[in-house]
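Letters A, B, ... mirror the listed sequences (proteins, then strands); counts begin at 1. Below, all heavy atoms of this structure are taken into account, side chains as well, without hydrogens, waters or symmetry copies.
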Protein chains: 2
Amino acid sequence: MLTVELISVGTELLLGNIVNTNAAYLSEKCAAQGLACYFQTVVGDNEERVSMVLKTALDRSDIVILSGGLGPTEDDLTKETAAKVCGRPLVLHEASKTAIEEYFSRRGIKPTDNNWKQAMLPEGAIVMENHNGTAPGVIIETEKNKVILLPGPPNELIPMFEESVLPYLEKLTEQVICSQTVKICGVGESQAETMVKDLIDAQTNPTIATYAKTGEVHIRVTASAADRKAAMKLIKPVVKELKNRFGNSIYTTEEGVTLEQSVVDLIKANDFTITCAESCTGGLLSARLVNVPGVSDVYKFGVTTYSNKAKKRILGVKKPVLQKHTAVSRQVAEDMAEGAAEFAKADVAVAVTGLAGPEGDGDRPAGLVYIACSVKGTTVAEEYHFSGNRNKIRESAAACALILTRRCLLEYMSKVTFGKKD
Amino acid sequence: MLTVELISVGTELLLGNIVNTNAAYLSEKCAAQGLACYFQTVVGDNEERVSMVLKTALDRSDIVILSGGLGPTEDDLTKETAAKVCGRPLVLHEASKTAIEEYFSRRGIKPTDNNWKQAMLPEGAIVMENHNGTAPGVIIETEKNKVILLPGPPNELIPMFEESVLPYLEKLTEQVICSQTVKICGVGESQAETMVKDLIDAQTNPTIATYAKTGEVHIRVTASAADRKAAMKLIKPVVKELKNRFGNSIYTTEEGVTLEQSVVDLIKANDFTITCAESCTGGLLSARLVNVPGVSDVYKFGVTTYSNKAKKRILGVKKPVLQKHTAVSRQVAEDMAEGAAEFAKADVAVAVTGLAGPEGDGDRPAGLVYIACSVKGTTVAEEYHFSGNRNKIRESAAACALILTRRCLLEYMSKVTFGKKD
């Protein structure tokens with residue numbers, strides 16, 4: 001079994017300014033690839049110390065993945081140090097230089113002198129393009145080791161790992177690891193755990209693991225085999241069993257489909273349009289919908305009605321309703337949804353109103369949120385009690401708004417289908 | 001300066017099942033205590049490997065903090081290994097035995113045989129009580145080192161650190177560390193680096209470090225001294241120099257103030273109201289504003305006008321303008337901002353329209369974004385070229401919309417002030 005070791009380079013990790021999520025991500029991916037990881041190290045941007053830990057790692061592990069310290073500044077010396085330790089001079093890599101030029105010219109700004117440092121790469125190294133930043137990734141192959149250098153920002157590291165490192169590791173390990181994720185919404189993590197405990201206890205290959213996300217639980221089924229087809233054959237019966245157990249709570253078993261994507265798909269399947277009226281979420285729900293490519297066909301318009309005046313003027317919520325029930329109430333959520341549907345001339349409208357905190361309202365605590373969904377004039381509203389800080393409450397509310405919308409659309413569709421059959 | 005090194009023991013960290021938040025917590029606390037942390041290591045529950053990394057750490061650091069692996073099971077061997085490495089036999093610690101008995105009797109359950117393992121502690125060690133679990137903490141003092149053993153679960157580790165470890169470290173260090181962060185917007189990371197290179201090169205105490213965020217650069221100035229007052233006295237002239245160099249690009253030097261907070265503060269200072277009209281950002285800009293507590297006084301209403309129809313109907317963008325320039329254009333951004341100001345009756349309006357991708361539009365690539373800001377009828381629009389995936393483009397656009405709004409507000413205020421002087 002090949003061994004892998006992780007070295008995270010960054011003074012901000014040593015100061016505790018950021019949490020090392022890269023290490024968790026890389027460890028998980030390497031484990032899934034059948035690599036044994038026995039050590040992870042964090043070290044600052046210091047040549048002597050990076051050199052020391054890299055030498056130790058090269059002695060005891062086959063593959064060493066370094067992340068961070070590939071930036072353009074003086075501080076960034078991971079590449080320089082790794083090149084020195086591996087005995088490779090740095091040479092100008094023309095393609096990387098061009099990529100950096102293009103990156104800056106797209107932004108209409110001039111690269112500074114230190115940007116060119118990023119195009120100086122170890123001689124003979126495999127270069128991995130960075131589509132989300134300026135630092136290319138590097139793989140140095142020595143007689144005994146593979147040294148992989150990745151940029152530190154997760155939004156650069158993760159895509160580069162998936163696009164370039166994973167295929168490289170697959171070739172090394174001669175083993176294909178496949179996984180399929182069953183994504184569930186509206187079921188709590190411990191409930192989901194309980195529902196699959198017997199499967200987890202009995203697991204060998206494939207393995208089953210659950211992951212909680214705001215409002216969602218993802219169950220990943222992972223199999224290793226000689227090729228993709230054999231791995232998928234192992235996965236299929238487990239996914240089928242999960243479908244039996246979770247039914248309609250599963251919103252997708254497809255790679256890359258998000259909860260918002262599944263809602264937009266249902267909207268499209270009905271030839272509907274959708275609108276949002278947000279108070280405490282203030283645009284988060286809308287932003288999640290707009291994250292779906294091609295949403296413009298079904299989502300034309302949405303509003304953030306933060307003040308009562310806007311709720312009255314735009315959504316037609318009546319003053320006596322606001323006075324009697326207050327802005328954070330089931331009634332106002334319903335009226336907001338119906339008003340939004342009318343104003344936006346949309347088939348489906350979702351409204352959110354609540355107390356995001358930090359303060360509550362009198363004896364009503366922060367975290368109290370009402371969400372309403374109106375589908376073709378039939379409106380459903382629910383009361384929620386979320387915990388956490390202001391941001392967490394708003395994220396939970398946006399997720400639950402998507403879940404409620406999905407539920408209402410499925411209910412609508414089951415009635416329509418039933419009606420058609422009659 | 002005393003050095004500290006962290007060793008996290010736990011196979012679940014090596015598998016990526018959990019993120020190492022303990023390391024971030026301990027690092028931050030140690031840095032604040034004036035301890036220099038140069039290395040963190042993660043290792044599995046394996047005697048040979050724990051022994052190896054502990055010996056390395058004892059060689060190069062004064063204080064070594066190990067966390068995890070103090071539990072009652074066979075797997076847990078941190079304490080046994082540390083005792084062996086330090087040459088201390090394990091002896092029964094009566095007070096810990098009693099505490100474990102009491103812990104279980106409070107819960108009405110019987111301890112199992114292996115629970116007594118937790119009362120076997122290195123001879124002569126300082127024992128730290130655990131009020132949230134059964135594993136006591138331990139400090140072993142050798143001639144050269146201090147070895148501190150803490151339980152792994154954060155809800156046990158954190159209280160034990162605050163109650164017992166921190167007072168111990170304060171006595172050791174007789175020193176405090178303070179820092180102040182200067183937050184800059186609208187200046188690229190490498191440009192900012194270049195502007196402070198001489199200060200970084202000359203740094204000793206205080207130290208200067210830069211951190212990049214979307215659209216922002218943060219420069220942290222950190223000093224160590226005998227007390228807080230003396231540390232702040234060292235920091236003050238550096239912050240003053242940074243203010244000279246970056247001027248208006250600095251949006252705050254205060255702890256915890258975000259870019260959106262600084263924009264909302266400017267809006268409030270002018271007794272203004274603000275509104276947003278978003279196309280490609282689809283609510284992200286609005287969501288950032290709403291993340292500021294108390295924003296409801298100035299942000300009443302915003303819209304996501306994703307379709308041309310909505311841009312026409314709500315914002316009054318004229319059909320010929322859309323036809324001539326297309327929806328993604330400087331002219332439409334300007335008209336959106338002015339239309340939004342009028343519709344929302346707001347003093348300030350920000351509009352964003354662009355191509356978030358994944359596809360561009362003909363020969364115009366994804367990432368092309370126009371942002372306009374209208375302050376009391378004076379409208380400024382800018383063209384931007386962002387890269388990255390759909391989400392990254394939208395996040396960059398939302399950040400730049402805040403930066404442009406801040407710039408326009410400052411320009412407005414300088415004119416008003418100038419006008420008053422006349």
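The candidate with the highest count of non-hydrogen atom pairs below 4.5 Å against chain B, out of A/Gly302, A/Ser296, A/Ala24, is A/Gly302. Between chain A and the residues B/Gly367, B/Gly44, B/Ser387, the most heavy-atom pairs under 4.5 angstrom are made by B/Ser387.
Proximity to chain A (any heavy atom under 4.5 Å) is restricted, for B/Cys280, to the backbone atoms N, CA, C and O. Heavy atoms of B/Asn20 lying under 4.5 Å from chain A belong exclusively to its backbone. For A/Ala31, the part lying under 4.5 angstrom from a heavy atom of chain B is the side chain only. Heavy atoms closer than 4.5 Å to chain A are found nowhere in B/Lys311, neither backbone nor side chain. With a 4.5 angstrom heavy-atom cutoff, A/Asp297 does not touch chain B via any of its atoms. Looking at A/Tyr211, neither its backbone nor its side chain comes within 4.5 Å of chain B, counting heavy atoms on both sides. In this structure, the portion of A/Asn155 lying under 4.5 Å from any heavy atom of chain B is its side chain and not its backbone. For B/Val292, the part sitting under 4.5 Å from any heavy atom of chain A is the backbone (N, CA, C, O) and nothing else. Contacts of B/Leu6 with chain A are absent, with no heavy-atom separation under 4.5 Å from either backbone or side chain. Using a 4.5 Å cut-off between heavy atoms, A/Arg394 touches chain B through its side chain atoms alone. Only the side chain of A/Ile314 comes within contact range of chain B, with heavy atoms under 4.5 Å apart. With a threshold of 4.5 angstrom between heavy atoms, B/Thr11 does not approach chain A through any atom at all. For chain B, the nearby part of A/Pro358 is the side chain; its heavy atoms alone come within less than 4.5 Å. Proximity to chain A (any heavy atom under 4.5 Å) is shown, for B/Tyr384, by neither the backbone nor the side chain. With a threshold of 4.5 angstrom between heavy atoms, B/Lys392 approaches chain A through side-chain atoms but not through N, CA, C or O. With a threshold of 4.5 angstrom between heavy atoms, A/Ala36 does not approach chain B through any atom at all. The part of B/Ala344 that comes within reach of chain A is its backbone (N, CA, C, O), which places non-hydrogen atoms under 4.5 angstrom from that chain.
To the nearest 0.5 angstrom, A/Ser27 atom OG is 11.0 Å from A/Leu35 atom CG. Separation of atoms CD1 (A/Ile18) and CD (B/Glu28) is listed at 12.0 Å; rounding is to 0.5 Å.
A/Tyr38 does not carry A/Arg60 over the face of its six-membered ring by the limits of under 6.0 Å from the centre and within 45° of the normal.
Put simply, the side chain of A/Glu74 does not reach to within 4.5 Å of the side chain of B/Ile200, judged on heavy atoms. The side-chain heavy atoms of B/His385 and B/Leu368, taken from C-beta on, include a pair separated by under 4.5 Å. Looking at heavy atoms from C-beta onward, B/Asn389 lies out of side-chain contact with A/His131 at the 4.5 angstrom threshold. Between B/Val290 and A/Arg390, the closest side-chain pair of non-hydrogen atoms falls below 4.5 Å.
No donor-acceptor distance shorter than 3.5 angstrom exists from the side chain of A/Thr134 to the backbone of A/Ile100, with no hydrogens or angles considered. A side-chain donor-acceptor contact under 3.5 Å links A/Gln40 to the backbone of B/Leu13. With B/Arg220 contributing its side chain and B/Thr181 its backbone, the two residues share no donor-acceptor pair below 3.5 Å. One N or O on the side chain of A/Ser307 and one on the backbone of A/Ala310 form a donor-acceptor pair closer than 3.5 Å.
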